[in-house]
Amino acid sequence: RADGTFSPTPPMVNMNDCLWHHCGAHGSCRDLETPRPDPDDNYVCDCNAGYEVRRNENNQKRCRNINDCPVENPCDGQGACTDLLMAYKCECDRGFEQVE
């Protein structure tokens with residue numbers, strides 16, 4: 001102030017980061033009460049079953065399908081693995097068939 005006195009600073013309040021962050025169609029955003037230094041860490045995504053949190057190209061969190069295809073030797077090396085929700089299937093190479 002011009003008279004040399006100071007006014008107290010208004011208190012800081014946590015903003016609801018879920019107002020502008022969302023987790024995609026397969027999860028819900030939950031705001032954290034205590035802000036973190038990195039604004040992208042001020043919320044969490046609670047993902048539906050079969051989905052996990054991954055960051056997109058803009059470093060935003062999204063719930064994405066978990067890849068269920070085995071890392072090693074999918075489909076016994078005789079076909080291609082197709083990821084499904086909480087499962088996978090093998091598409092056999094020509095000359096092979098899947099046996100239950």
Side-chain angles (χ1 to χ4, degrees):
R1 295 183 179 169
D3 64 4
T5 61
F6 294 94
S7 298
T9 305
M12 298 286 190
V13 295
N14 182 29
M15 296 173 62
N16 183 353
D17 291 274
C18 292
L19 294 175
W20 55 87
H21 290 289
H22 58 89
C23 299
H26 305 289
S28 59
C29 182
R30 183 169 39 93
D31 186 56
L32 298 177
E33 291 183 25
T34 305
R36 306 253 162 55
D38 181 351
D40 289 325
D41 287 334
N42 287 334
Y43 69 100
V44 294
C45 291
D46 295 321
C47 298
N48 299 341
Y51 294 86
E52 65 185 353
V53 176
R54 283 187 271 172
R55 292 190 183 259
N56 66 12
E57 60 279 352
N58 297 322
N59 202 34
Q60 296 172 333
K61 300 172 191 173
R62 294 287 185 268
C63 292
R64 303 279 188 213
N65 182 24
I66 296 170
N67 186 349
D68 298 302
C69 287
V71 175
E72 292 187 31
N73 201 20
C75 307
D76 295 326
Q78 307 300 324
C81 184
T82 300
D83 182 46
L84 305 171
L85 181 59
M86 298 176 68
Y88 69 92
K89 69 177 182 176
C90 289
E91 301 289 336
C92 295
D93 291 339
R94 177 178 272 156
F96 293 90
E97 65 181 14
Q98 192 166 0
V99 180
E100 297 293 326

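What you see is a predicted model; the values in this text were computed from it and never measured. Counting from 1, the numbers follow the sequence of the chain as shown.
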Chemist: Assess the residue pair Arg64 and Asn56 against the criterion (side chain to side chain contact (heavy atoms under 4.5 Å, CB included)); give the C-alpha distance rounded to whole Å, side-chain angles, the decisive distance to 0.1 Å, and a yes or no.
Modeler: CA-CA 10 Å; Arg64 303 279 188 213; Asn56 66 12; 4.2 Å; yes
Chemist: Might you point out which heavy atoms bring Asn42 and Asp17 nearest each other, and give the distance in Å?
Modeler: CB-OD2, 3.2 Å
Chemist: What distance do Leu85 atom CG and Asn48 atom CG have between them, rounded to the nearest 0.5 Å?
Modeler: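 Going from the CG atom of Leu85 to the CG atom of Asn48 covers 9.0 Å.
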Chemist: On a heavy-atom basis, which atom in Arg62 and which in Gly24 lie closest, and how many Å separate them?
Modeler: CD-N, 4.0 Å
Chemist: Start with the C-alpha distance between Glu52 and Asn67, add both sets of side-chain angles, then the distance that settles side chain to side chain contact (heavy atoms under 4.5 Å, CB included), and finish with yes or no.
Modeler: CA-CA 10 Å; Glu52 65 185 353; Asn67 186 349; over 6 Å; no
Chemist: Carefully, step by step, assess Asp68 and Leu84 under the rule side chain to side chain contact (heavy atoms under 4.5 Å, CB included).
Modeler: CA-CA 7 Å; Asp68 298 302; Leu84 305 171; 6.0 Å; no
Chemist: With distance as the sole test, does Asn14 use its side chain to make a donor-acceptor pair with the main-chain N or O of Glu33 at under 3.5 Å?
Modeler: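 Between the backbone of Glu33 and the side chain of Asn14 there is a qualifying donor-acceptor contact (under 3.5 Å).
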Chemist: Would you indicate whether Cys75 and Cys81 have their SG atoms under 2.5 Å apart?
Modeler: no
Chemist: Could you check Cys45 against Cys23 for disulfide (SG to SG under 2.5 Å), going step by step and ending with a plain yes or no?
Modeler: CA-CA 6 Å; Cys45 291; Cys23 299; 2.0 Å; yes
Chemist: I need the Cys18 SG to Asp31 CG distance, nearest 0.5 Å.
Modeler: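 Result: 5.0 Å between the selected atoms.
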Chemist: Can you list the steps and then say if Val53 with Cys47 is a side chain to side chain contact (heavy atoms under 4.5 Å, CB included)?
Modeler: CA-CA 7 Å; Val53 176; Cys47 298; 3.5 Å; yes
Chemist: For the atom pair NZ (Lys61) and CZ (Arg54), what is the distance rounded to the nearest 0.5 Å?
Modeler: 15.0 Å
Chemist: Any idea which heavy atoms bring Cys69 and Tyr88 closest together, and the distance?
Modeler: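 Where Cys69 meets Tyr88 most closely, the heavy atoms are SG-CB, 4.0 Å.
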Chemist: If you measure from CE on Met86 to CG on Asn65, what distance do you get to the nearest 0.5 Å?
Modeler: 10.0 Å
Chemist: How many angstroms lie between atom CG of Leu32 and atom OH of Tyr43, to the nearest 0.5 angstrom?
Modeler: 10.5 Å
Chemist: Evaluate the side-chain proximity of Gln60 to Trp20: yes if any heavy-atom separation is below 4.5 Å, no if none is.
Modeler: no
